[in-house]
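Here you go, one structure.
All residue numbers refer to positions in the sequence shown, counting from 1. Atoms within each ligand, like the ligands themselves, are counted from 1 in listed order.
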Amino acid sequence: MYRKKSSNISVIGLGKLGLCTAACLAYGGYQVIGMDIREDHVKKLRQGTPPFFEPNLSELLLTTEKNLSFTNDVHEAVKKTDISFIIVPTPSKKNGEFSNKYIKEVLMNIAPLIKEKESFHLINIVSTVMPGSCENDFLPLIEKLSGKKIGVEIGLTYNPEFIAIGSVINDFLNPDLVLIGESDEKSGDIVQKIYIDTCQNTPHIARTNFINAEITKLALNCYCTMKISFANNLSALCDRIDKANACTICNILGLDSRIGEKYIKPGLGFGGPCFPRDNQAFISFIESLEGYSGLQRAVIHINNDQPKRAIQRISDAIEEYGGDVAVLGLSYKPGTYLTEQSQALEIVRTIADKDEVEKLRVYDPLAKEEGVWQLCSSVEECVQGANIVAILTPWEEFYTSDWRNLLSDKATVLDFWRQDSKNES
Ligand SMILES: NC(=O)c1ccc[n+]([C@@H]2O[C@H](COP(=O)([O-])OP(=O)(O)OC[C@H]3O[C@@H](n4cnc5c(N)ncnc54)[C@H](O)[C@@H]3O)[C@@H](O)[C@H]2O)c1
């Protein structure tokens, strides 16, 4: 695997996406320098310890250590490499737009360094940005500070990722799609080659201009959330209809290739650090051009209703079965410790406030958020003695271990992700 590649790559920003990207590029045979401003982060990485959990990351860091080094020094990172991937935060502003503040900070640091280089240097922006950012914000800034012409002496590409937390490495190495917005053909070719060298599959590679790539990134994520909300809206409807089951209907819908099976599944909706804010950014972008944002607003409205529906079901169950409640799942999705915008956490916090709840125990394999509940260290400890067990995050473990035989006959299980139990006959 470790064929030496002719280009060296720096990855600037070693967070949830950047560190995994650096490890995957090193796995593809590139010499990679990972750079981050956080000293503790880089120190841990130099000692071989990943600063956060992501499946397969620690193993990959171990197997790629010959190809991967870490630094806090942006000079070293840029001078010793030919291509810089920029993967720093683009936090949401109050109006939903992403801020380019951190990307611009990086560009202001690296453009003067590129000025001194004699060879062609490519800047590849991976962070999610607002449409128009590359052309209007980054390109003039880089040209001004480097004194070099983009597309001639240096290159600029926008190459957003479609990975999901909890499967970042697998998604990076086996993408459906690689999206490249490019300043010029040579720059696009360089990025395309990196993915051909690194991916384990043969992905579609879509190359276009900056604005198309920027809109595509947001549109793709918003389309996925539209499917999720469509399924959940159907589920709310089926709740009111005897013998109708939204899971069955969605499984059938997914068989049609015009729809496809992914994301068309009732559950608690979407959360996490990307989907909710990508929708807000897309709304903000549409409204800035006086376009129609009603579709995206409906997606968010339906998503916000899911915790409310779940809380109502749990409240009804408490009335019927009693107030000893066990909750399985806190993270916003399986495979991660993250609880950012987690529907599960929102539900737990609300039911913890209810007077009818006598005992509340919570278990999640990775997320350890504290609150007015007892955090358990196993499923078995959590469900023992409960009247109600609510599955709020669909971790595989909740479906493979034998905890159900610990429940009394008077207990009930509310599974908000696999609602196949409704009697259809
Ligand atoms: N995490 C995801 O699932 C995901 C998926 C697709 C796109 N993205 C996008 O990727 C970008 C980064 O996301 P993330 O989740 O990796 O963020 P993160 O907060 O986990 O990591 C960002 C890293 O950048 C570092 N950093 C900040 N300023 C820096 C600078 N000037 N120089 C060097 N390092 C700097 C931070 O210290 C941090 O380690 C965002 O735009 C996000 O929207 C993330």
task: May I ask you to list the atoms of ligand 1 that are less than 4.0 angstrom from any heavy atom of Ile165?
output: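 Once the distances to Ile165 are compared, the set is 1 (N), 2 (C), 3 (O).
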query: Is there a donor-acceptor pair closer than 3.5 Å between any side-chain N or O of Arg309 and the backbone N or O of Asp305?
result: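 Pair absent, no side-chain N/O of Arg309 close to backbone of Asp305.
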- request: Just let me know how Val88 lines up against ligand 1, side chain, backbone, both or neither, with a heavy-atom cut-off below 4.0 Å.
  value: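 It is both backbone and side chain that touch ligand 1.
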query: Thinking salt bridges, do Lys117 and Asp82 make one under a 4.0 Å N-O criterion?
result: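 No, this pair does not count.
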query: For ligand 1, which atoms sit closer than 4.0 Å to a heavy atom of Glu161?
result: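 Under 4.0 Å from Glu161, ligand 1 has these atoms: 6 (C).
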message: Distance under 4.0 Å to a non-hydrogen atom of Val106: what atoms of ligand 1 satisfy this?
response: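 Near Val106, the atoms of ligand 1 are 30 (C), 31 (N), 32 (N).
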query: For atom 43 (O) of ligand 1, which candidate among Glu39, Glu340, Arg277 provides the closest heavy atom?
result: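 Looking at heavy atoms only, the winner is Arg277.
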message: Check this for me: does any side-chain nitrogen of one of Asp197 and Lys193 sit under 4.0 Å from a carboxylate oxygen of the other?
response: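 Answer for the salt bridge query: yes.
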field: Atoms of ligand 1, numbered as shown, that sit under 4.0 Å from any heavy atom of Ile12
entry: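 In order of numbering, the contacting atoms are 32 (N), 33 (C).
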- request: Any pair with a residue in residues 54-69 that passes salt bridge (charged side-chain N to carboxylate O under 4.0 Å, His left out), sequence neighbours left out, goes on the list, sorted by first then second residue, please.
  value: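 Sorted result for residues 54-69: empty, none.
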query: Quick one: does atom 13 (O) of ligand 1 have a protein heavy atom under 4.0 Å from it?
result: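 Flag for atom 13 (O) of ligand 1 set to false, no protein heavy atom closer than 4.0 Å.
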message: I'd like to know if Arg258 pairs up with Asp256 as an ion pair, taking the criterion as any Lys NZ or Arg NE/NH1/NH2 lying under 4.0 Å from an Asp or Glu carboxylate oxygen.
response: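 Salt bridge present between Arg258 and Asp256.
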- prompt: Would you say the side chains of Ser293 and Glu287 form a donor-acceptor pair under 3.5 Å?
  reply: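 Distance-only check passes for Ser293 and Glu287.
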message: Starting from atom 37 (O) of ligand 1, what is the nearest protein heavy atom, named by residue and atom, and what distance separates them?
response: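 Ranked first by proximity to atom 37 (O) of ligand 1 is Asp36 OD1, 2.7 Å.
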message: Does ligand 1 come near enough to Thr128 that some N or O of the ligand is less than 3.5 Å from an N or O of the residue?
response: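 Thr128 vs ligand 1: N/O contact under 3.5 Å present.
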- prompt: How many angstroms lie between atom OH of Tyr195 and atom CG of Asn159, to the nearest 0.5 angstrom?
  reply: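 Answer rounded to 0.5 Å: 3.5 Å.
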Ala26 backbone acceptor or donor facing Asn67 side chain under 3.5 Å: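 Judged by distance alone, yes, a pair lies under 3.5 Å.
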message: Polar contacts were defined as any N/O atom of the residue lying under 3.5 Å from an N/O atom of the ligand; does this apply to Tyr102 and ligand 1?
response: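 It does not: no N or O of Tyr102 is found under 3.5 Å from an N or O of ligand 1.
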- prompt: Nearest protein heavy-atom contact for atom 41 (O) of ligand 1: which residue, which atom, what distance?
  reply: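 Result: Thr90 OG1, 2.6 Å.
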query: Of the choices Val168, Leu19, Val11, Leu17, which has the non-hydrogen atom that lies closest to atom 44 (C) of ligand 1?
result: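 Ranked by closest heavy atom to atom 44 (C) of ligand 1, first place is Leu17.
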Region of Cys274 that comes within reach of ligand 1 [heavy atoms, distance under 4.0 Å]: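 The part of Cys274 near ligand 1 is the side chain, not the backbone.
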query: What do you reckon, does Lys217 put a non-hydrogen atom under 4.0 Å from ligand 1?
result: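 Yes.
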message: With a 4.0 Å cut-off on N to O distance, would you call Asp239 and Arg313 a salt bridge?
response: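 No.
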- request: Looking only at protein heavy atoms, identify the closest one to atom 28 (N) of ligand 1 and say how far it is in Å.
  value: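 Looking only at protein heavy atoms, the one closest to atom 28 (N) of ligand 1 is Ile37 CD1, 3.5 Å.
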query: What is the closest protein heavy atom to atom 17 (O) of ligand 1, and at what distance does it sit?
result: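 Atom 17 (O) of ligand 1 sits closest to the protein heavy atom Lys16 NZ, 4.1 Å.
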Rounded distance [0.5 Å steps], SG in Cys20 versus CD1 in Ile87: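 Reported value, rounded in 0.5 Å steps: 9.5 Å.
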task: Run the contact test for Pro89 against ligand 1 with a 4.0 Å cut-off on heavy atoms, strictly below, and give the result.
output: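 So Pro89 counts as touching ligand 1.
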query: Nearest to atom 21 (O) of ligand 1, what protein heavy atom do you find, and at what distance?
result: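 Nearest protein contact, heavy atoms only, for atom 21 (O) of ligand 1 is Gly15 CA, 3.1 Å.
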task: Enumerate the atoms of ligand 1 whose separation from the nearest heavy atom of Met35 is less than 4.0 angstrom.
output: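 It comes down to these atoms of ligand 1: 33 (C).
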field: Glu39 and Lys43 ion-paired at < 4.0 Å
entry: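 Salt bridge between Glu39 and Lys43, a charged N being under 4.0 Å from a carboxylate O: no.
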- request: Return yes if a side-chain donor-acceptor contact under 3.5 Å exists between Asn109 and Glu105, otherwise no.
  value: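 There is no such pair between these side chains.
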